[in-house]
Participant: 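The structure under discussion is supplied below as structure tokens; questions concerning it will follow.
In this text the structure is predicted, and so the values were computed from the model without any measurement. When a residue number appears, it is its place in the shown sequence, counting from 1. Whatever order the structure lists them in is the order used to number ligands and atoms, beginning at 1.
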Amino acid sequence: MARIVFDCCLVHKLGMATGMSEDIRRSVAGMLNRPIALIGLMGAGKTRFGRVLADALGLDFLDSDMEIEKAAGMSVADIFDRFGEAYFRDGERRVTKRLLDQDVCVIATGGGAIMDPETAEDVWSKTVSIWVRAPMSVMIERTGRNDRRPLLRKGDPEKVLERLAEARYPIYQKADIIVDSDSGSVDAVLLQALEKLYSFLLSRKDASGPEEERI
Ligand code: S3P
């Protein structure tokens with residue numbers, strides 16, 4: 001524990017000294033040996049942040065909604081309209097399972113994907129999970145920019161998001177790491193994530209004993 005606290009201080013100093021913190025970035029990229037799965041509510045910034053994180057770590061970025069749309073040949077909204085939510089969830093579970101079996105990469109999961117117990121089990125056991133968390137006001141503003149989220153078309157989007165938050169936050173908070181993605185700079189969110197990833201990976205490495213070099 002003391003080691004982690006010390007290393008966190010070091011990380012802060014490095015971050016301040018090098019701006020983008022090249023050392024942490026390199027350490028995280030070197031220690032990571034499983035996919036990173038981003039979870040969180042619609043509008044939290046999973047896709048935007050996921051791209052930036054993948055880019056910083058030199059990894060591929062995969063977005064489950066985009067993969068579902070590719071496989072179905074239609075938008076998520078059209079799948080909901082034409083076949084209903086249960087059909088979408090079934091496709092989402094299958095596509096997410098395939099993504100979670102990939103080599104090291106960054107995967108943005110749809111906001112509801114982790115509510116499927118099988119998906120949750122895979123995320124907790126096969127990935128480093130990050131809850132991308134944003135204030136409600138930010139998610140309302142971001143999701144209001146377009147009409148792509150079918151669940152938010154039913155009723156007052158703010159109330160829907162609040163209801164989803166109540167049901168899902170107890171699951172999201174089981175993530176290995178929580179990254180706060182507010183309306184601030186994406187570089188600040190990236191640095192925060194790299195610091196937390198570094199501490200997490202280091203603690204897993206320490207916990208795994210002398211034989212196991214990586215998590
Ligand atoms: C959903 C979130 C959406 C998309 C679908 C349902 C949800 O993905 O999968 O509209 O249940 O929260 P994003 O979280 O990427 O917006």
Participant: Look at the side chain of Thr143 and the backbone N and O of Ile140, then say whether any donor-acceptor pair between them is shorter than 3.5 Å.
Facilitator: yes
Participant: Among all protein heavy atoms, pick out the one at the shortest distance from atom 5 (C) of ligand 1; state its residue, atom name and that distance to 0.1 Å.
Facilitator: Val76 CG1, 3.9 Å
Participant: Using side-chain heavy atoms (C-beta onward) and a distance below 4.5 Å, is Ile171 in contact with Arg168?
Facilitator: no
Participant: What residue and heavy atom of the protein are closest to atom 14 (O) of ligand 1, and at what distance?
Facilitator: Lys46 NZ, 2.7 Å
Participant: Within the 4.0 Å heavy-atom shell around Leu151, which atoms of ligand 1 are there?
Facilitator: 7 (C), 11 (O)
Participant: Does a salt bridge link Asp122 with Lys126, judged by any charged N lying under 4.0 Å from a carboxylate O?
Facilitator: yes
Participant: Would you mind checking if Asp65 and Lys46 are paired as a salt bridge, meaning a charged N to carboxylate O distance below 4.0 Å?
Facilitator: no
Participant: Is there a polar contact, in the sense of an N or O pair closer than 3.5 Å, between Asp65 and ligand 1?
Facilitator: yes
Participant: Using 4.0 Å as the upper bound for N to carboxylate O, is an ion pair formed by Arg94 and Asp90?
Facilitator: yes
Participant: Give me the residue, atom name and distance of the protein heavy atom closest to atom 16 (O) of ligand 1.
Facilitator: Arg149 NE, 2.9 Å
Participant: I'd like to know if the side chain of Glu69 and the backbone of Ser75 have a donor-acceptor N/O pair within less than 3.5 Å.
Facilitator: no
Participant: Classify the contact between Glu85 and ligand 1 as side chain, backbone, both or neither, using a heavy-atom distance cut-off of under 4.0 Å.
Facilitator: neither
Participant: When you compare ligand 1 with Gly111, is there at least one nitrogen or oxygen pair between them that comes in under 3.5 angstrom?
Facilitator: yes
Participant: Kindly check if the number of other-residue, nucleotide or ligand heavy atoms within 6.0 Å of CG (Asp60) is above 12?
Facilitator: no
Participant: If you count the atoms of ligand 1 from 1 in the order shown, which ones are under 4.0 Å from a heavy atom of Phe88?
Facilitator: 9 (O)
Participant: Polar-atom distance check: Arg148 versus ligand 1, any N or O pair below 3.5 Å?
Facilitator: no
Participant: Identify whether the distance between the nearest side-chain nitrogen and carboxylate oxygen of Lys70 and Glu67 falls below 4.0 Å.
Facilitator: yes
Participant: I need the contact type for Met66 against ligand 1. Using non-hydrogen atoms and a strict under-4.0 Å cut-off, is it side chain, backbone, both or neither?
Facilitator: neither
Participant: For atom 12 (O) of ligand 1, what's the nearest protein heavy-atom neighbour? Residue, atom name and distance, please.
Facilitator: Arg168 NH1, 2.6 Å
Participant: When you measure from atom 10 (O) of ligand 1 to every protein heavy atom, which one gives the shortest distance, and what is it?
Facilitator: Pro150 CD, 3.6 Å
Participant: Counting N and O atoms only, with roles assigned by atom type, does the side chain of Thr109 sit under 3.5 Å from a partner on the main chain of Leu38, one being a donor and the other an acceptor?
Facilitator: yes
Participant: Does even one non-hydrogen atom of Arg89 get within less than 4.0 Å of ligand 1?
Facilitator: yes
Participant: Answer with side chain, backbone, both or neither: which part of Leu164 has a heavy atom less than 4.0 angstrom from an atom of ligand 1?
Facilitator: neither
